[in-house]
Amino acid sequence: MKRDFLQVTDFNESEVRETFKLALELKKKKGQILDVLRGKTVACIFHKPSLRTRISFEVGISELGGHSLYITDNEIQLGVRESIHDVAKVLSRYVGMIEIRTFSHASVEELAKYADVPIINGLTDLSHPCQIMADIQTIIEHKGKIDGMKVAYLGDGNNVCNSWLEAATVLPFDLRIGTRKETMPDKQILDKAIKAGRSKISIMEDPHEAVRNADVIYTDVWASMGQKDQAKSKADLLKEYQINSHLLAGANPSHIVMHCLPAERGREITDEVIDGPHSVVFDEAENRLHAQKAIMVKLTQWAS
Ligand code: CP
Ligand code: NVA
């Protein structure tokens, strides 16, 4: 049956864990060309800029034996030149899978509803699930497990933060979100994660409290793509949540520091921290490749 990956919770707990295992196996085979997508084309639609997502998908697709198509908004004009329904039906006749990065999450849900091939969310304003799969793979590599880890997410309650909450809905860990009332994550996603009762979830205004004894300290830009006009106001609101060595003094001494990148160095994170000995940001970036290959393998298996 065709399935999609629009949010972390589209996979159940055992599927999420199998995906991490597969990603780690695929990482050992890095550079080998496999047959999983042989004869298949994957459409990669981008309505926002990207380094990691675009390149890791394109490389991952070719390492799985497939072919990728990079499509910007100039060509398809999703829902403008023609309906999302018609785009979904037409693309499904040509390609075996669609990865999409766009603004509206609802548009991606609509695409998935009508497409006959799997859809992967490469980031929307609401969520960034591929990122969090790569991040948890990175935590497993560095800390041996995700279960029970104290993860402190500091800063804007954005798409990346929402996907952390989705992960906490299916996996058991201690997620502390250090943010302001004005920059809270999506309420529905937060309520669902709390109701699931799988993880301990705390929202803390005090960044020092969020970081106390944390194993993982995570941040992202304060103003996401499409919100750069709010950069100044978000920076004023969130300046206390900057990840710097003073703040990290309260963390577990063997903590790791993560950032999905791109970073605005000197704003949400200092150079000394992102370039310091606890930082695993480039392992995280590399793991986008392996995590997404694993997601594509799973979706291909289920669809066949
Ligand atoms: N982390 C991430 O998704 O990076 P890009 O925006 O460069 O794809
Ligand atoms: N929250 C950021 C993530 C970038 C990968 C954004 O949406 O711009």
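Computed from a predicted model, the values in this text were never measured in an experiment. Counting starts at 1 for both ligands and their atoms, following the listed order.
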Quiz prompt | Residue and atom name of the nearest protein heavy atom (relative to atom 2 (C) of ligand 1), distance in Å to one decimal | solution = R288 NH1, 3.3 Å
Exercise. Quick one: look up the protein heavy atom nearest atom 1 (N) of ligand 1 and list residue, atom name and how far away it is.
Key: L261 O, 2.7 Å
Quiz prompt | For N159, the ligand 2 atoms whose distance to one of its heavy atoms is below 4.0 Å | solution = 1 (N), 2 (C), 6 (C), 7 (O)
Quiz item: Can you list the atoms of ligand 2 that are under 4.0 Å from a heavy atom of N158?
Solution: 1 (N)
Quiz prompt | Mode of L123 contact toward ligand 1 - side chain, backbone, both, neither (heavy atoms, under 4.0 Å) | solution = neither
Quiz item: With backbone taken as N, CA, C and O and side chain as the heavy atoms from C-beta onward, which portion of L261 lies under 4.0 Å from ligand 2: side chain, backbone, both, or neither?
Solution: backbone
Quiz item: Where the side chain of K200 meets the backbone of L175, is there a donor-acceptor pair that is under 3.5 Å apart?
Solution: no
Practice problem: Evaluate the criterion salt bridge (Lys or Arg N to Asp or Glu O under 4.0 Å) for residue pair D35 and R38; output intermediate values, then yes/no. | Solution: CA-CA 5 Å; D35 272 339; R38 183 168 302 283; 2.6 Å; yes
Quiz item: Think K89 forms a cation-pi with Y114, using NZ or CZ under 6.0 Å from the six-ring centre and within 45 degrees of its axis?
Solution: no
Practice problem: May I ask you to list the atoms of ligand 2 that are less than 4.0 angstrom from any heavy atom of L123? | Solution: 3 (C), 4 (C), 5 (C), 7 (O)
Exercise. Return the residue, atom name and 0.1 Å-rounded distance of the protein heavy atom closest to atom 6 (O) of ligand 1.
Key: R101 NH1, 2.8 Å
Quiz item: Identify the closest protein heavy atom to atom 7 (O) of ligand 1: which residue and atom is it, and at what distance?
Solution: L51 N, 2.6 Å
Quiz item: atom 4 (O) of ligand 1: which protein heavy atom is closest, and how many Å away?
Solution: R52 NE, 2.7 Å
Exercise. Specify the protein heavy atom at minimum distance from atom 8 (O) of ligand 2: its residue, its atom name, and the distance to 0.1 Å.
Key: M225 N, 2.8 Å
Quiz item: Looking only at heavy atoms, is any part of K48 under 4.0 Å from ligand 1, and if so is it the side chain, the backbone, or both, or is it neither?
Solution: neither
